[in-house]
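Data block below; observations after.
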Amino acid sequence: MVKLSIPQGTRDFGPDVVRKRNYIFATIRQSFERFGFQPLETPAMENTSTLLGKYGEEGDKLIFKIINNGPNILGQAQMAKDSRELGLLLCEKSLKYDLTIPFARYVVMNHGKLQLPFRRYQMQPVWRGDKPQRGRYREFYQCDADVVGSNSLLNEIELLQIYDTVFNNLGLGNYRMKINNRKILTGLAELVGRPDLMLDITIAIDKLDKIGDSGVREELAQRGLAATEIGLVMEFISLEGSNESKLERLSQLFTNSPTGLKGVEELLFIIGSGLTAFSSPPEIDLTLARGLNYYTGMIVEIKAPAHVNMGSIGGGGRYDDLTGLFGLPGISGVGISFGVDRIYDVLEELQLFPETAQQGSQVIFFHPGAEKLAEVFGYVTRLRSRGINTEIYPDDIKQDKQFKYAEKRGIPYIGYLEENAPGKISFRNMLGKQRYSLSPEEMDAFEF
RNA sequence: GUGGUUGUAGCUCAGUUGGUUAGAGCAUCAGAUUGUGGUUCUGAGGGUCGGGGGUUCGAGACCCCUCAAUCACCCCA
């Protein structure tokens, strides 16, 4: 046999895995539709120029580029002035890195036709050239819901509600939802007196739960903050208490920062609207930063239940000017994303997949031998037309083998004929070990 | 991209300081047996020991390179 493999960080999904994944997709899709979002799909590849520069320097490196087909790439290569240009010339297309930028591209291309506000959801694979680890793959699915063309914070509230609905429907009611606001982080940088280092500050404090108090201090120092400035940052992120008391304290700190105050005001509305109740209420986490730098307002991140070792399983936020990157300013958007592959790993670890998500055929008939085949195949067809997933063993071999096959496949009902019961169909329930002998009419009414 | 650990049959793993023809359980296949067809017994097939190179009289084991998985960074879903 030839030694076969698949590219690093990609996976095949066997039948039972596909079923369980479909269960997650269906659960998410149902909520997206329920909240009035419309489906959208975009190509696996985008023009490289559409993607480059949208995900920061690190992100650019992780984009999978596709080398041009055609005979003339050598000639194209010679026209490049530097290596960056070489990449662009040689790889006009790239695999998409997320669903948000392609969506923004779509909105710009179609803004004349779209009814704003436009609510779309999208469930497709994306590709990143990251080094694979547990919960990190090079090909994985994202499920996004975004609203563009509306500044209302009602969108934020509904999107958080979708998170709550979906995770409850998946049996993950004890997930954790953390929210923050980019404007508050801007306010912090102003408060400290280092608005120029806002990004460095957020990257450092984002690591608090990983590297601890002293680690953050160290990192802040490395990133160029003076001791007094570090003190201010640490004081800020160590604010404790309820969401309300945190916000109250922040509004005192931000008396000289209109941006910070605006962020406080937004979060106050989102958590205090009284429009909805959450099974797992959003918790304000002042260290939450999120990587993508196009966020401008609320940001949200979903973490798996505390005892599961898994990073974030979803995230999102508001971006005021994403389409501005493509020359169409003034369209604000807000969106969320579900990380299906990680959610799968969490549900698997906690054994939260329902039986119904794993069931294939409900009934299998043994091959009865050539002379009775027509009779049994008629029963098969009858069950199928009732909407019951039914199969028949295709070869006339020893029943012993067929029995083992049915058992391994986990098919709950076996149908077969018995010599001493002409005109009847025998069924065995593999789970409860019951036996039934039914006439065709009784079979039609039987609850499999 | 940086560093650590691991890689032996379809699966889970043995394999002594380097020493004959690399083993076991489960699984697969065949035959027999069986009064709840799922039991039991017998037998068989299956491994260029992740791949390549090196050291050695001799490498599954030691060295180098490479691929993959995994963990910690970086970053992220």
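Computation of the quantities below employed the complete heavy-atom set of this structure, encompassing side-chain atoms and omitting hydrogens, waters and symmetry-equivalent molecules. Numbered from 1 within each chain, the chains take letters A, B, ... in sequence-line order.
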- Whole angstrom value for the distance that separates P of U28(B) from OH of Tyr405(A): 13 Å
- Item | Among A77(B), C75(B), G37(B), the one nearest Ile203(A) by side-chain distance | C75(B)
- Measure from CD on Glu418(A) to C1' on G35(B) and round the result to the nearest Å. 14 Å
- Query: How far, in whole Å, is C29(B) from G10(B) if one measures between their C1' atoms?
  - Reply: 13 Å
- Query: How far does the C1' atom of U17(B) sit from the matching atom of A59(B), given to the nearest Å?
  - Reply: 14 Å
- Query: Which part of the nucleic acid does Glu407(A) contact within heavy-atom distance under 4.0 Å: base, sugar-phosphate only, or nothing?
  - Reply: base
- Message: Generate the contact string for nucleotides 39-46 of chain B. Rules: B means base contact, S means sugar-phosphate contact only, - means no protein heavy atom under 4.0 Å.
- Response: --------
- Query: Any side-chain N or O of Arg428(A) under 4.0 Å from OP1/OP2 of U36(B)?
  - Reply: no
- Task: Would you kindly compare Glu301(A) and Ile6(A) by the position of their nearest RNA chain B nucleotide and give the one closer to the 5′ end?
- Result: Ile6(A)
- Out of C76(B), G37(B), A30(B), minimum distance to the side chain of Arg435(A) belongs to G37(B)
- Message: Parallel, tilted or perpendicular, judged at 30° and 60°: which one describes the rings of Phe37(A) and Phe32(A)?
- Response: tilted
- Message: Under 4.0 Å between a side-chain nitrogen and a carboxylate oxygen: does that hold for Asp16(A) and Lys20(A)?
- Response: no
- Answer with base, sugar-phosphate or nothing: what part of the nucleic acid does Ser312(A) contact at a heavy-atom distance below 4.0 Å? sugar-phosphate
- Query: Distance check: side-chain N/O of Lys207(A) vs OP1/OP2 of C74(B), anything under 4.0 Å?
  - Reply: yes
- Task: Could you work out the separation of G23(B) and A68(B) based on their C1' atoms and round it to a whole Å?
- Result: 26 Å
- Pairwise C1' distance, U34(B) and A24(B) [rounded to whole Å]: 28 Å
- Message: Has Tyr97(A) got a side-chain atom pairing as donor or acceptor with Phe64(A)'s backbone, closer than 3.5 angstrom?
- Response: no
- Message: Looking at Lys61(A) and Glu58(A), is there a salt bridge between them, counting it only when a charged N and a carboxylate O are closer than 4.0 Å?
- Response: yes
- Item | Mutual orientation of the aromatic rings belonging to Phe353(A) and Tyr344(A) [parallel < 30°, tilted 30-60°, perpendicular > 60°] | tilted
- Item | Interatomic distance where CD belongs to Gln402(A) and P belongs to G38(B) [whole Å] | 14 Å
- Task: Would you kindly give the CG-to-P distance between Asp130(A) and A69(B), to the nearest whole Å?
- Result: 13 Å
- Query: What does Lys303(A) touch in the nucleic acid at a heavy-atom separation under 4.0 angstrom: a base, only the sugar-phosphate, or nothing?
  - Reply: nothing
- P spacing across the pair G31(B) / G38(B), given as an integer number of angstrom: 16 Å
- Report yes if a side-chain nitrogen or oxygen of Gln8(A) is closer than 4.0 Å to either non-bridging phosphate oxygen (OP1 or OP2) of C67(B); otherwise report no. no
- Query: Roughly, in whole Å, what's the span from OH in Tyr413(A) to P in G38(B)?
  - Reply: 22 Å
- Considering only atom C1', compute the distance from G18(B) to G58(B) and round it to an integer number of Å. 8 Å
- Integer angstrom distance from the P of U21(B) to that of A27(B): 32 Å
- Across the strands shown, which category fits Lys131(A) at heavy-atom distances under 4.0 angstrom: base, sugar-phosphate, nothing? base
- Message: Given the structure, check if the side chain of Arg342(A) and the base of C76(B) hold any donor-acceptor pair shorter than 3.5 Å.
- Response: yes
- Task: Test Asp164(A) against every option in Pro282(A), Pro281(A), Ser280(A) by the side-chain contact (heavy atoms from CB on, under 4.5 Å) rule and name the one that passes.
- Result: Ser280(A)
- Same-atom distance (P) from G43(B) to G50(B), integer angstrom: 30 Å
- Give one of base, sugar-phosphate or nothing for Gly9(A), where a contact means two heavy atoms less than 4.0 Å apart. sugar-phosphate
- Query: Any ion pair linking Arg435(A) and Glu418(A) (charged N to carboxylate O, less than 4.0 Å)?
  - Reply: no
- Message: Please tell me whether Phe167(A) and Phe338(A) form a close aromatic pair, meaning their ring centres lie under 6.0 Å apart.
- Response: yes
- Item | Geometric class of the Tyr319(A)/Tyr294(A) ring pair [parallel <30°, tilted 30-60°, perpendicular >60°] | perpendicular
- Message: Would you say the rings of Tyr141(A) and Phe25(A) are close, in the sense that their centroids are separated by under 6.0 Å?
- Response: yes
- Query: When you measure from every atom of RNA chain B, which of residues 132-142 of chain A have a heavy atom less than 4.0 Å away?
  - Reply: Gln133(A), Arg134(A), Gly135(A), Arg136(A), Tyr137(A), Phe140(A), Gln142(A)
- Atom-to-atom span, NZ of Lys210(A) to C1' of A72(B) - whole angstrom: 9 Å
- Task: Run the salt-bridge test on Asp341(A) and Arg136(A) with the 4.0 Å N-O cut-off and return the result as yes or no.
- Result: no
- Hey, is Glu349(A) close enough to Arg134(A) for a salt bridge, meaning N to O under 4.0 Å? yes
- RNA chain B in dot-bracket form (Watson-Crick or G-U pairs under 3.5 Å, [ ] crossing, | inter-strand) is (((((((..((((.....[...)))).(((((.......))))).....(((((..]....))))))))))))....
- Item | d(CD1, Ile205(A); P, C75(B)) in whole Å | 14 Å
- Message: Looking at Glu156(A) and Arg318(A), is there a salt bridge between them, counting it only when a charged N and a carboxylate O are closer than 4.0 Å?
- Response: yes
- Separation of A77(B) C1' from Trp127(A) CH2 (nearest whole Å): 15 Å
- Message: Salt bridge or not between Glu219(A) and Arg223(A)? Use side-chain N to carboxylate O under 4.0 Å.
- Response: yes
